[in-house]
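Structure first, commentary second.
This structure is a prediction, so every number in the text was calculated from the model and none was measured.
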Amino acid sequence: MTDPVDLLVAGADLVVTMDGDRREIAGGWVACHAGFVTAVGGPGSDPPPATRVLRADGCLVTPGLINTHHHIYQNLTRAYRPATASSLFDWLTTLYPRWALLDEEASYVSAWVGLAELALGGCTTSTDHLYVHPAGGGDLLSAEIEAARDLGMRFHPTRGSMSLSQKDGGLPPDSVVQDDDTILAASEAAVARHHDPAPGAMVRIALAPCSPFSVTPDLMRRTAELAARLDVRLHTHLAEDPDEDAFCLETYGCRPIEHFEACGWGSDRSWVAHCIYPNDAEIARLGAWGTGVAHCPSSNMMIGGGGIAPVAAYRAAGVPVGLGCDGSASTDCASLWLEARGALLLARQRGGPTSFTARDALELATRGSAACLGRLGELGVLAPGAAADLVAWKLDGLSFAGALTDPVEALLRCGPTSAHHTVIAGRPVVEDGELRATGIADILTRHRQAAARLQGLPL
Ligand SMILES: [Zn+2]
């Protein structure tokens, strides 16, 4: 008799594996042990004995969704009235002084809230782009990693940075930038302290200068060199707004993606957020480099102006495309389910009804996002050897009544919905629709205090 595995997810209506053959198994099951998937099967094969069985009756089971772009701390300034009708640059300049008040407590509670919210929406791995490190604010990166550990979330925070302040021709004020040497030393220290290169890693660090208009070209170059030396990934914002094109042409004499290339970032070590405004030659170059794109559908629509990332052209050019929810103001609702649905709608708005399906959207949220993080095969698929990260979506009730023929299309066309179970590294983080972690009320009180302090409001 074989030894029991530690978790069996059984009884699903359909298991969508997203494996190399894109197998979909009616009546499927997934066996997990020590944090990894050990076997996937259907009614024709007996599952192994298991210490624990998690029922997924009436559920669609998919790989866990992966968030490739976020600024979690911004949930401290959600729907912030002074900036709700601003352009990107005006919104940023309104909020930089608020974010200058970040501290470790604010970082911890915002990460706890943001990651819990994501887990409830079916996300199992999230990145975070934390680019504000005010003097005296403490170790914000370690504080958010502690929150991810407390929740059991797989986490890829980035050591973000800004070094080009207004006095040097950049956008942010002095209060939220650091000098290049300080940033590079902190980046190296963060990797040494937190980055785990092993398979199944729960924490990996990437380096992430914020954008062409908030860091010096020298910091971009030196960060790329440091990432290569430490063998970690690179992340930044790119081609997000027409104002950025104008800034780069005026400041650097070239377009944003040319600037990116000139700084040594054109590689498969990099993934970039948004990338809404490339020209055709730039799409081909991104594909040749293997640079990934974090597509942020809600952000595309909230920033507006008609800019939609050219997802179909990226995929045709071989660009890995993942999904990101982005921070508040772009998306005050952090749900990868919502972003997958947004990707479906935006792609069809752009390319017509035969151009993009729910399976394509789900592929962005799983395989595409895993590729952006350099973990395709380990994350984003349900296959032996992959991390045991999965979601069971219960397709019942009023929202799904009548959806009898295609549960994958139903998942993104019906709803809104959230996860019934979210399993990360073989451990349920959300079970029967409820977060397993306790203490939500206390965290929300602390979050409200931190948010009020940043917003300058009485408690
Ligand atoms: Zn962003």
Less than 4.0 Å between a side-chain N and a carboxylate O, is that true for Asp57 and Lys394? no

For His69 and His237, which I'm curious about, is there any donor-acceptor pair between the side chains at under 3.5 Å? yes

Does the pair Arg154/Asp389 count as a salt bridge with the N-to-O cut at 4.0 Å? yes

Should Glu258 and Arg255 count as an ion pair when the cut-off is N to O under 4.0 Å? no

With ring centroids as reference points, do Trp271 and Trp289 lie under 6.0 angstrom apart? no

Decide whether Ser126 and His156 meet the rule of one side-chain donor and one side-chain acceptor closer than 3.5 Å. no

Using the rule given for side chain to side chain contact (heavy atoms under 4.5 Å, CB included), can you reason through Arg229 versus Glu188, listing the C-alpha separation, both sets of side-chain angles and the distance that settles it, and then say yes or no? CA-CA 10 Å; Arg229 178 159 69 77; Glu188 185 157 6; 3.1 Å; yes

Does the distance from a Lys or Arg side-chain N to an Asp or Glu carboxylate O, for Glu24 and Arg359, drop under 4.0 Å? yes

So, are Arg413 and Asp406 salt-bridged, with charged N and O less than 4.0 Å apart? no

Residues in side chain to side chain donor-acceptor pair (under 3.5 Å) with Ser399, at least two apart? none

Does either side chain, that of Tyr73 or that of Asp128, offer a donor lying less than 3.5 Å from an acceptor on the other one? no

Side-chain donor-acceptor pair under 3.5 Å between Asp180 and Thr216, yes or no? yes

